[in-house]
There are 2 protein chains.
Amino acid sequence: MNTKRERKAYADQMGLFLEHLGLPPMAGRICGWLLVCDPPLQTAAELAEALGASRGSISTMTRQLVQFSLIERVAIPGERSRGYQVRTSGFTGVLKVQYEATVEIRKMADQGLVMLKGESPRARRRLEEFRDFYAFFEREFPLLIEKWERESARARRSK
Amino acid sequence: MNTKRERKAYADQMGLFLEHLGLPPMAGRICGWLLVCDPPLQTAAELAEALGASRGSISTMTRQLVQFSLIERVAIPGERSRGYQVRTSGFTGVLKVQYEATVEIRKMADQGLVMLKGESPRARRRLEEFRDFYAFFEREFPLLIEKWERESARARRSK
DNA sequence: CAAATATTTCAGTCAAGTCTGAAATATTTG
DNA sequence: CAAATATTTCAGACTTGACTGAAATATTTG
């Protein structure tokens with residue numbers, strides 16, 4: 001079963017990448033595995049076995065991933081346990097979280113400018129520039145998300 | 001000196017936000033402080049004092065921040081020590097790092113599709129969708145950066 | 001060049017967060 | 001309902017990485 005080892009390695013690597021998205025290591029590995037495993041639907045027991053992880057961490061991490069909508073829980077007909085599978089549409093949700101973080105930082109920058117209202121224009125400039133940077137993304141982010149949703153919907157339709 | 005306490009709190013909070021950008025806590029606090037301190041140029045000793053941090057971590061973190069171009073080191077005429085100040089244009093660089101991460105994930109997804117070449121279309125779809133998501137950002141990211149560079153240059157000119 | 005000052009480096013400490021494994025709880029099946 | 005099975009929870013172990021402080025090194029000044 002060399003295929004399996006190869007895919008496990010793939011899951012590990014992908015997990016590493018997905019960490020940069022704010023996910024704990026094991027959550028990333030689960031996503032990575034669910035992107036390439038066979039079948040695409042896996043039980044908690046299968047995940048634990050495949051990734052060499054404890055039931056406990058599988059339980060904790062799948063719950064988190066379900067909350068983030070990156071995976072979903074589905075009933076398996078005739079089976080006692082539930083199955084998990086990736087939910088690629090969930091990645092859009094991650095974007096929205098990042099968008100909200102952008103808004104927070106822009107607000108924080110504006111608060112700072114209030115705090116600096118007595119200062120010279122020279123001293124305020126750095127914060128103004130910082131604010132403008134995040135304000136730009138606050139404006140552009142929703143447009144981008146919308147564009148993605150339109151494009152991906154179109155791609156799906158033309159399949 | 002209530003102003004100072006207020007600004008210290010601001011630096012701490014901003015530092016927290018900037019962590020989501022991949023910066024260590026103290027690096028974030030330094031950036032936060034340098035956005036609101038008076039004067040905008042601070043020595044390592046002043047940073048250490050203001051943030052209640054050790055000289056060691058100030059040294060390590062300022063070096064990192066200089067590498068990331070988020071702050072710059074400048075000579076202070078008549079002073080023995082160097083000064084640090086934010087470099088707001090450096091935030092564009094952070095975007096480029098994020099862009100590169102996007103490219104890596106898209107490549108990884110394509111490698112995965114090679115690995116799954118024997119599988120059914122049904123089993124490949126999840127990874128294809130995942131790849132398409134990152135491919136979209138790989139396309140859009142540079143356009144966005146360019147747009148920002150154009151807009152911010154224009155704003156600067158009209159000052 | 002010697003003294004004074006500033007900066008860097010690094011070994012050790014500490015804190016945060018993840019993972020495990022076992023016990024507790026919940027669910028399903030006959 | 002009892003037995004079997006699945007899932008969750010949680011206390012403790014472990015890992016990772018940040019921070020300190022002191023020693024080493026570099027730089028500046030007279």
Side-chain angles (χ1 to χ4, degrees), chain A residues 8 11-34 41-68 70-85 97, chain B residues 8 11-34 41-68 70-85 97:
Chain A
K8 164 72 163 67
D12 288 345
Q13 183 60 33
M14 184 59 88
L16 231 55
F17 280 132
L18 294 181
E19 268 180 56
H20 290 260
L21 217 128
L23 296 179
M26 191 57 76
R29 268 177 244 145
I30 291 172
C31 283
W33 176 254
L34 286 176
L41 194 66
Q42 300 267 301
T43 64
E46 285 167 338
L47 289 173
E49 196 275 328
L51 300 172
S54 71
R55 296 295 173 94
S57 79
I58 295 297
S59 171
T60 305
M61 293 307 148
T62 48
R63 185 154 42 83
Q64 275 203 32
L65 289 169
V66 168
Q67 271 177 353
F68 293 171
L70 288 175
I71 68 175
E72 58 192 348
R73 254 188 134 187
V74 303
I76 309 179
E79 283 269 346
R80 184 169 288 202
S81 36
R82 312 304 160 80
Y84 296 96
Q85 63 189 5
V97 172
Chain B
K8 163 71 162 68
D12 288 345
Q13 184 59 33
M14 184 59 86
L16 231 56
F17 281 132
L18 295 181
E19 267 179 56
H20 290 258
L21 218 128
L23 295 179
M26 190 59 76
R29 270 177 240 142
I30 291 172
C31 283
W33 177 254
L34 287 175
L41 194 66
Q42 300 267 300
T43 64
E46 285 167 337
L47 288 173
E49 197 274 330
L51 299 172
S54 71
R55 297 296 173 94
S57 80
I58 296 296
S59 171
T60 305
M61 293 306 149
T62 49
R63 185 154 41 82
Q64 276 203 30
L65 289 169
V66 167
Q67 271 178 352
F68 293 172
L70 288 175
I71 68 176
E72 59 192 349
R73 253 188 135 187
V74 303
I76 308 179
E79 284 268 347
R80 184 170 287 201
S81 36
R82 310 304 161 80
Y84 296 97
Q85 62 188 5
V97 172

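Throughout, protein chains are lettered first and strands after them, A, B, ... in sequence-line order, and every chain is numbered starting at 1.
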Show the numbers, then the answer: is there a side chain to side chain contact (heavy atoms under 4.5 Å, CB included) between A:L70 and A:L34? CA-CA 10 Å; A:L70 288 175; A:L34 286 176; over 6 Å; no

Distance-only check: which donor-acceptor pairs under 3.5 Å involve side-chain atoms of residues 13-28 of chain B, not counting sequence neighbours?
none

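The nearest whole Å value for the distance from the CG atom in A:L47 to the C1' atom in C:dT20 is 17 Å. Note: CG (B:L65) to P (C:dT8) measures 13 Å, nearest angstrom. Rounded to whole angstrom, the span from the CD atom of A:E19 across to the P atom of C:dT18 amounts to 9 Å.
Legend: residues meeting side-chain contact (heavy atoms from CB on, under 4.5 Å) with A:R82, ordered by chain and number and at least two apart, are A:R73. Residues passing the side-chain contact (heavy atoms from CB on, under 4.5 Å) test with B:S54, sequence neighbours excluded: B:S57. For A:Q64, the side chain to side chain donor-acceptor pair (under 3.5 Å) test picks out no residue, with sequence neighbours left out.
To the nearest 0.5 Å, atoms CD (B:E49) and CD1 (B:I58) are separated by 11.0 Å.
Nearest heavy-atom pair, B:L41 versus B:Q85, reported as atom, atom and distance to 0.1 Å: CD1-OE1, 3.5 Å. When all heavy atoms of B:T43 and B:S81 are compared, the closest pair comes out as CG2-OG, 3.8 Å.
When heavy atoms are screened at a 4.0 angstrom cut-off, A:S81 is found touching the sugar-phosphate backbone but no base atom.
Secondary-structure stems of DNA chain C, taken as three or more successive Watson-Crick or G-U wobble pairs (i with j, i+1 with j-1) under a 3.5 Å distance threshold, comprise C:1-30 with D:1-30.
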If the sugar-phosphate is the primed atoms plus P, OP1 and OP2 and the base is the rest, what is the B/S/- string for nucleotides 14-30 of chain D, using protein heavy atoms under 4.0 Å? ----SSBB-----SBS-

